Amino acid sequence: MNKIISSADADAYLARIGVERPAVPDLAALRELHIRHLHAVPFENLSIHLGEEIVLDPAALVAKVTGGRGGFCYELNGAFAALLDALGYRVTLLAARVMGPEGRFGPPFDHLALQVRTAGSDEPWLVDVGFGRNSHYPLRFDERGEQADPAGPFRLAETADGDLDLLREGDVQYRIERRSRELADFEGGCWWHRTSPKSLFTKAVICSRLTGTGRVTLSDRTLVTTGATGRQELPLAEEEVLPAFREHFGIALDRAPQARRIPEEQVVP
């Protein structure tokens, strides 16, 4: 990638996730950037339900993060790729297809993941800050054995077609193509996810981030927390929604997003 964000933008991004600029773009710094990003920047689809435009431009994605928001995979990993590139990492964008609850893969360009190389090393790492219950830290891209992570055991497995399946606790999460991609390649997938009635993102409002003990998620009007004491669900009254976004995600909104569920007959899949 060409460096397309300024040093000031990179510093603002680092401030958002609470990390000092690394002296060297090495693995230790990459691990810290990854985990801090997951804690600070929520996975959210609020733009879809607020009627906001989603622009897959690195500078715009970084501005969204530094402005206090998050995004879904194209936005989060697109912005993180720009930050890593500005810090001196070598970043490749990769397309993936997510395994759905019905046991089938989603459409092409269903997901954006990153392959990252650190300073002075050709070893690639799988980096992903835009996929729900994913690994807390980067995974070795060329390793085929089990890789331990606080989120559970992960493994990358070769497929017959030369792709890679990412498995968590033995279950396939998504299938990665190895060909290098450009951010513009994902515009069709982004459009599908924000307009199709078959997309999970048009069905409900979602905002979620990692915490020190588990996760906190606002799903429509239910606040879900997981941690040492288990899972707790708290229905929210309408007047409690905006304060919940501010308290748990640092997101200040002037109106609460309403799920705009799209009838099947209105959109061609």
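Keep in mind that this is a model prediction, so the values were computed, not measured.
Using a 4.0 Å cut-off between charged side-chain N and carboxylate O, Glu169 and Arg133 make no salt bridge. In summary, Arg178 and Asp163 do not engage in a salt bridge, as defined by a charged side-chain N under 4.0 Å from a carboxylate O. Salt-bridge check for Arg117 with Glu123: failed, with every basic side-chain N at 4.0 Å or more from each acidic carboxylate O. Here Arg90 pairs with Asp122 in a salt bridge; the nearest charged N to carboxylate O distance falls below 4.0 Å.
The number of heavy atoms from other shown groups lying within 6.0 Å of CD (Glu239) is above 12. Environment of CD in Glu158: crowded, with over 12 heavy atoms of neighbouring residues, nucleotides or ligands closer than 6.0 Å.
A donor-acceptor pair shorter than 3.5 Å cannot be found between the side chains of Tyr174 and Asp165. Defined by atom type and a distance below 3.5 Å, a donor-acceptor pair is present between the side-chain atoms of Asp110 and His193.
Considering only heavy atoms from C-beta on, Arg31 comes within 4.5 Å of Pro138 through its side chain. Contact annotation: the side chain of Val224 never approaches that of Val216 to less than 4.5 Å [non-hydrogen atoms, C-beta and beyond]. Side-chain contact between Val98 and Arg175 is absent, with no heavy atoms from C-beta onward closer than 4.5 Å. Taking the side chain as every heavy atom from C-beta outward, Leu87 and Arg21 approach each other to under 4.5 Å. No side-chain heavy atom of Pro42 sits less than 4.5 Å from a side-chain heavy atom of Arg69. Considering only heavy atoms from C-beta on, Ile48 comes within 4.5 Å of Ile54 through its side chain. Counting heavy atoms from C-beta on, the side chains of Leu83 and Tyr89 never come closer than 4.5 Å. Looking at Phe80 and Tyr13, their side chains come closer than 4.5 Å, going by heavy atoms from C-beta outward.
We find the CG-CD1 distance between Leu112 and Ile176 to be 11.0 Å, quoted to the nearest 0.5 Å.
Listed here is the closest heavy atom pair of Met99 and Val172: CB-O, 3.5 Å. Here the closest non-hydrogen pair linking Leu156 and Arg144 is O-CD, 3.1 Å. Taking both residues in full, the closest heavy atoms of Arg16 and Phe249 are given as NH2-O, 4.4 Å, listed atom of the first, atom of the second, then distance. Contact between Phe201 and His49 at its shortest, heavy atoms only, is O-NE2, 2.8 Å. Contact between Arg221 and Leu218 at its shortest, heavy atoms only, is C-CD1, 4.5 Å. Across Glu238 and Ala256, no two heavy atoms sit closer than the pair OE2-CB, 3.8 Å.
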Quick one: side chains of residues 204-213, donor-acceptor pairs under 3.5 Å with protein atoms, not counting sequence neighbours, listed by atom name and distance.
from	atom 1	to	atom 2	distance (Å)
Ser208	OG	Arg215	NE	3.0
Ser208	OG	Arg215	NH2	3.1
Ser208	OG	Thr217	OG1	2.8
Arg209	NE	His248	O	2.6
Arg209	NH1	His39	O	3.3
Arg209	NH2	His248	O	3.2
Thr211	OG1	Thr213	N	3.4
Thr211	OG1	Gly214	N	2.9
Thr211	OG1	Gly214	O	3.2

Residues Arg194, Glu52; criterion salt bridge (Lys or Arg N to Asp or Glu O under 4.0 Å); working and verdict = CA-CA 10 Å; Arg194 62 188 177 88; Glu52 298 173 346; over 6 Å; no

Pair Cys190-Glu75, side chain to side chain contact (heavy atoms under 4.5 Å, CB included): steps then yes or no | CA-CA 9 Å; Cys190 183; Glu75 300 175 278; over 6 Å; no

Residues Leu166, Leu139; criterion side chain to side chain contact (heavy atoms under 4.5 Å, CB included); working and verdict = CA-CA 10 Å; Leu166 175 65; Leu139 300 172; 3.7 Å; yes

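A perpendicular orientation is assigned to the rings of Phe186 and Phe109, their planes being inclined by more than 60° (bins at 30° and 60°).
In this structure, His34 has its ring center at least 6.0 angstrom away from the ring center of Tyr137.
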